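Below: the structure, in structure tokens.
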Amino acid sequence: MTQVPPSYRGSADYIVTPDLLQVVNAAFVLGRPLLVRGEPGTGKTMLAASIAGALDMELITWNIKSTTKAREGLYVYDTVQRLYDSQFGSRDVSDIGRYIKLGRLGLALTAPLRAVLLIDEIDKADPEFPNDLLWELDQMSFFIPETRETVAARERPVTIITSNAEKELPDAFLRRCVFHYIAFPDRETMAEIVRVHHPDLEQNLLRECLNAFYRLRDVPGLLKKPSTSELLDWVQALVLGGIDPQALTREMPFTGVLLKRQRDHQTFERYLRAHKG
Amino acid sequence: MFDSFFFLLRENGLKVSLTEWLDLMEALDRGLAASSLYNFYVLARAVLVKNEADFDRFDRSFRQYFGSIETPPEVADQVWEWLKKNDLFRDAPPDRPPWEAWNLEELRRRLLTRLATQDAAHHGGAHWIGTGGTSPFGHSGYNPAGIRLGGASHNRSAVKVAAQRAFRDFRRDETLGTRQFEVALRQLRRLSAHNEEQPEVLDLDETIETTGNNAGRLRLVWTRERKNTLKLVVLLDSGGSMNQYSTLVNRLFQAVNKSSHFKDLKFYYFHNCVYDDVFLEPMCRRNASLPVSRLLRLLTPDYRLLLVGDASMSPGELLMPYGALDWNAANKEPGLAWLKRLAGHFTHTAWLNPIPERGWENAEGAYTIELVGQVFPMFELTLEGMGGAVKKLKARSRS
């Protein structure tokens with residue numbers, strides 16, 4: 001790497017812990033992909049957007065699905081279009097290059113300025129998927145046999161990979177990454193996060209909200225624990241509904257915003273009944 | 001300068017590679033640790049450790065090496081004490097809401113990952129399931145409380161298990177090493193384009209053919225993507241003698257469970273041998289069972305049958321009517337008859353045995369292993385054996 005990359009300091013709408021900051025910058029310097037894991041709703045995906053925003057880089061997102069193939073991220077050869085064009089003679093079909101469409105990784109490599117590439121939920125794909133990308137992520141280049149061209153990065157993109165640990169990732173792949181586990185935010189960090197989104201929130205209300213929220217998260221047996229995004233929605237609902245902070249100690253309005261499953265509502269009600277007396 | 005730290009990490013079971021170590025050195029050269037031990041800690045962890053389950057192991061190594069914080073060993077002990085107390089959950093009255101049990105599992109999972117080493121935790125886990133049982137495996141099994149219940153094979157009542165089955169769910173947080181199994185399982189597929197998907201893949205050969213027939217006017221032919229049509233039914237032995245293999249079987253279970261590429265995947269459990277019923281849960285409780293006769297009607301013969309068990313039992317369990325280990329299982333026909341029935345129904349079957357193959361002849365249950373091996377093609381539960389079993393299940397015709 002020839003230039004010293006600008007270092008990331010977090011952004012206004014995204015709270016980063018000092019640990020994560022350091023890890024992000026280490027990944028920058030080493031030119032390694034950063035693998036981020038953590039509970040849903042801990043802002044894994046947001047991190048990439050925040051980095052892109054803070055450093056004024058383009059964000060290129062590659063959403064992985066169970067059917068995603070590694071090659072799709074590099075390029076797609078549009079045979080059908082070429083066949084059509086050859087039929088109707090509307091375009092010069094001898095130039096195969098016109099029918100090569102770069103995928104998300106390809107776009108990130110060819111971006112004129114250093115870009116942020118987010119490979120979202122890599123564990124959704126086939127177990128072989130990460131291995132198929134080893135060379136490309138290592139070298140940040142790939143070869144297109146159809147046109148005999150090599151696509152190589154002008155600027156090594158900042159690569160953020162998120163995983164929900166649904167599947168295990170291959171060791172060879174992991175060796176090439178820098179890893180960070182985003183823990184669920186503690187109360188103080190959470191207060192900061194809420195304040196970023198609701199700067200005018202009363203101190204009282206915020207405290208009671210967080211109390212109620214963490215109490216709810218501690219209810220045993222929830223299938224889906226409410227996460228940050230649900231808390232933010234809930235606070236929004238409370239603000240709009242004009243709820244008195246004191247009321248939160250007695251009851252919990254709008255639980256539908258926090259709990260998404262029927263079973264969880266029943267669990268919660270049972271828990272409340274059991275802890276009343 | 002930290003070379004011995006590298007070796008310490010490896011000694012403590014962290015698979016730190018040289019690539020990662022060199023990355024860390026480079027990061028240090030570039031001043032990323034900013035000459036602070038804490039920064040070094042964060043940096044080293046991010047570069048060297050790739051799984052949060054290993055964080056604790058790393059922490060301990062770090063403390064050991066840099067000695068700034070003391071490792072309190074009593075924490076681990078405390079956790080075990082705690083777990084033992086909650087062990088009573090198994091006997092919880094049935095009207096208790098199910099989420100409490102689930103929660104115990106969750107707590108256990110978290111605590112286990114926090115424990116010193118994964119291996120020790122699992123070892124302990126087996127201990128927890130079958131406390132104190134020391135009888136050789138294959139001899140009529142253990143009961144959950146760990147009391148040996150062996151006995152002469154001809155004395156039917158002596159072989160019966162009076163106690164309830166231990167709480168043991170394979171769906172635990174055991175993920176280490178499942179990947180290899182997963183990859184082996186991926187071979188288990190029969191691709192076919194005859195599925196219900198919308199045709200969306202261009203069939204190039206067919207397109208050229210029809211375009212040619214169409215005097216050069218382009219005619220596109222689409223085809224369906226080839227999908228796996230293989231259906232798999234897995235019967236798992238959750239009998240007492242399988243306790244010692246729980247880690248291994250966990251891995252297999254996780255791998256099979258994660259394989260989303262089967263057209264259909266069914267899991268049932270049995271206790272030492274299959275009799276009139278199979279069970280829906282590892283606890284093999286009567287109220288969650290399925291008669292084998294129904295199973296055979298339900299599943300067409302083209303389901304691949306994979307049995308996992310040590311096949312090691314007292315001969316009576318396999319050969320005698322009413323030989324089943326459980327009190328309330330009154331099997332009129334011997335287990336072997338049921339096994340043969342299964343083998344006769346399904347066209348492709350295989351048995352995976354966690355006992356290494358070289359031990360089959362000398363194992364406690366050598367006699368029953370041999371008998372079962374005559375009914376089902378038997379393989380050891382290793383990557384290699386799994387490959388053989390997969391091949392058997394994939395074979396075009398019965399062999």
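The structure displayed is predicted, hence computed values, not measured ones. Letters A, B, ... are given to chains in the order of the sequence lines, protein chains preceding strands, and every chain is numbered from 1.
- Here CZ of A:Phe179 is found 12.5 Å from CG of B:Leu48. Values are rounded to the nearest 0.5 Å.
- Side-chain contact between B:Lys15 and A:Asp171: present, with at least one pair of heavy atoms (C-beta onward) separated by less than 4.5 Å.
- Between the side chain of B:Lys50 and the main chain of A:Leu174, a donor-acceptor pair closer than 3.5 Å is present.
- Between atom CG of residue A:Asn25 and atom CG of residue B:Asn39 there is a gap of 11.0 Å, rounded to the nearest 0.5 Å.
- There is no contact between B:Val16 and chain A, counting heavy-atom distances below 4.5 Å.
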Show your reasoning for whether side-chain contact (heavy atoms from CB on, under 4.5 Å) applies to A:Thr79 and B:Thr207. CA-CA 11 Å; A:Thr79 344; B:Thr207 300; over 6 Å; no
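- In this structure, the separation between CG on B:Leu43 and CD on A:Gln22 is 5.5 Å, given to the nearest 0.5 Å.
- In terms of non-hydrogen atom pairs under 4.5 Å with chain B, the most contact-rich of A:His180, A:Arg176, A:Arg175 is A:Arg175.
- The local environment of CZ in B:Arg219 is sparse, with at most 12 non-hydrogen atoms from other residues, nucleotides or ligands closer than 6.0 Å.
- Contact between B:Leu32 and A:Ala26 at its shortest, heavy atoms only, is CD1-CA, 3.6 Å.
- In this structure, B:Asn51 and A:Arg37 approach most closely via the heavy-atom pair CA-NH2, 3.3 Å.
- Side chains of B:Asp23 and A:Val178 form no contact here, defined as non-hydrogen atoms less than 4.5 Å apart.
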